[in-house]
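Numbers here simply count residues along the sequence, with the first being 1.
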Amino acid sequence: MKSCFSFFFFLFVATSLSAQPNPTSINWPVFMARQTLRWDTIGTSYYSGIILGNGLMGTNIYKEDGHTIRFDIGRTDVTDQRSHQGTGLSEPLISRPRLPIGRMTLKTVGEITGAKMSLDIYNAIAEGTIYTTKGSLKFKSFVPAEHNVIYISAIGSQSEKDVNWHFVAEKSQSPRMNQQNAGNPAVYPENPASQLSKNGGFNICKQALLNNRGGYATLWREKKVANESTMLISVGYDGNGKEDEVNAAMQAIQGFTRIKYPVLLAAHQKWWHEFYQKSFISIPDQRMESFYWIQLYKMASATRENLPMIDLMGPWFNSKTPWPGVWWNLNTQLTYSPIFTANHLDLGKSLFNTLNKNLQNLINNVPQEWRKDAAAIGRISGYDLVAPLAMDQKENGQFELGNLTWAMFYYYQYYAYSKDRKELQEHIYPLLKRSVNHLLYHLTKAEDGLWHLPSSFSPEYKYAEDANYALSSLYWGLGTLIHLNEKDGFQDPDLDKWKDVLGNLVPYPKNETGFMIGKDLSLTSSHRHYSHLMMIYPYHLITPLKEDNKALIEQSLNHWLSLKGALQGYTFTGAASMNALMGKGDQAYHLLNQLFDQFIQPNTLYQESGPVIETPLSAATSIQELLIQSWGNKIRVFPALPEVWRDVSFDQLRTEGGFLVSATKTKGETKFIKVYSTKGDTCRLQTDLKVSYVSSDKRKNLAYAVYQNDGKTNVSFSTLAGETIFLSDAGEQHRFKVLPVQPTIKESWSWGLKKKFNTFIKNR
């Protein structure tokens, strides 16, 4: 790609530390109030309910029938603990699946006629009034940020004064056994029936698991004063037969009640306020802006640093799901994709800790002779990550090469965005190497002198030799290992071998339609997964920086989307991200709006045969990529804004290199960029800002370089750890304030359920 350099120079700017620009000024309560979800009618399904969670426990609130409001009870780690039987694709969904717990129901005297409710995500509190033919019920509910308790208060009026609660336990079996699924065992010994009891004011539903492998217990306690009832619910879990699940739940409720309610509520709100304020975005499309913030809410509701990783549902388990496990050929990866730019790296630890805790199982997933230096994972696992991967297990698409390496892409992103050298050395590098070694073991050199991969499954499509899904993972993995050795001081004895393989690895199969599925296999039917395009996204191995690549990307993308019929939600998020990579903001925006119009449910959940959490979360990543991208050793500020977004702002979005970047665009013009360096390194920016002012809050003299390339300004400068660099076109007097922008598109939008929405939902 030809570059046009119109100027290149170094400047030294003197600035007084006493004249620092003012910091960010955001009225968070006012701004976040516009992200509140609202209901003017009560939801009747999982996908129109009110969801609450604290990373482990959660509830979903909706109407069960004309006289019943249900509060589904979920705890993420409640799983069966049967011995693994064989290596079938769906075996983990029988041996180690999520298990249903039950629901607390609120029974009404009169028939439910309507509701007015809200979910305030800034404070993580749901409240509202439910109307019946005999009165009303005013409720408030939250799941405390640091207590494993579901809190519900209800105040009844007229004939509804006597608040009536009833717990309904669900049968403790894998949801797969409720359906006619391939792989279900002919004989399925059931877990024992649950047992109800009372103890010291607590109601207890205890559920044992087979073979003394532990169990779980739901405890609840009601406090009643006049026409007001307060219900506290907790779930204890014992997965090894060595702990007291009843006592754990009892202690959780007792710990909650020992703290004065105002103090506890204030601590809960403080946790959530601090969580949100780690980063900020504001865009003129209110529907999309609110959607983005709700996805951050869902992430923090679904996991925390030292809690279980997110599967397909998080704490909002549904017993009708066919997916009670963890999927490794897209779902896990997309679920965690927004945490990096959003500056919530801590949430990723739930995934990374799971990988490290179960390292031996990842190793045992490969054939015995490779376990000395390889690891892998098949398509489906439980939280123990047992999912063997061998060529003799190709039935039902089990033999997918590249799943673990793709997961390691996001673990490596953690390092790229944090520069946590210790994590890289102790965990990321060794496991990345093992995942790449597994792919290397499958290579054979053909008569053409090139290394080839055997027939493997390209997710959601077919088997193919040299499948681009596996090839792109191998290309990325090898390139990353080589980079770490050449640039980061690793001295691996396998470096020369990796260079040789990379230099002689078969090219990506492609034809006149663009990238193929694999050797001799074209994409000829509709395909929801972008498994054949991962060298474009997320790996950024084929980028539009070269003209030939740009044409190939467009050709591949257009052909993929032209085949209709099987396209689903994450098709649109992947395509939006690829268009953002190309700088095509309008096309990316159009794809995201198609997603919202056709697939996203009123509470922003999503379904494909059952609940799957990854698609809305990956849409948050696509929105981030309209605002900022960091790949190819460069940070791109406002790289793909839609034309109609004239005013945009963001603050403390994290990038590769450990930089926190802030910027504002007003009336279509970038006004300033602010870069905080967490680790100290060279920062390279690309922007449309005409840079005339650069300063530091740590140094009076700052050297920087500027050049023009294809109409964009490129700036580079060294940084110190803890230093903030300010760039603008307005001179030293610029105030560098990040403020919310006024919504001009769908400006009165709120997520939640509206009466006018009902017909739309039914017709989906």
Any pair counted as salt bridge (Lys or Arg N to Asp or Glu O under 4.0 Å), so long as it reaches residues 612-637, sequence neighbours left out: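 The answer is none; no pair qualifies.
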Salt bridge (Lys or Arg N to Asp or Glu O under 4.0 Å): pairs with one or both residues in residues 329-344, sequence neighbours excluded: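 Qualifying pairs: none.
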Partners passing side chain to side chain contact (heavy atoms under 4.5 Å, CB included) against [X] (at least two apart in sequence or in another chain):
X      : answer
Ser418 : Leu345, Tyr414, Asp420
Gln333 : Trp406, Ala407, Tyr410
Lys419 : Tyr415, Lys679
Asn27  : Pro29, Val30

Ring-face cation contact, Trp751 with Arg34, 6.0 Å cut, 45° max: no
What residues form a side-chain hydrogen bond (donor to acceptor under 3.5 Å, both in side chains) with [X], not counting sequence neighbours?
X      : answer
Tyr475 : none
Ser716 : none
Asp586 : none
Tyr292 : Gln624

By salt bridge (Lys or Arg N to Asp or Glu O under 4.0 Å) - contacts of Glu656 (at least two apart): none
By salt bridge (Lys or Arg N to Asp or Glu O under 4.0 Å) - contacts of Asp285 (at least two apart): none
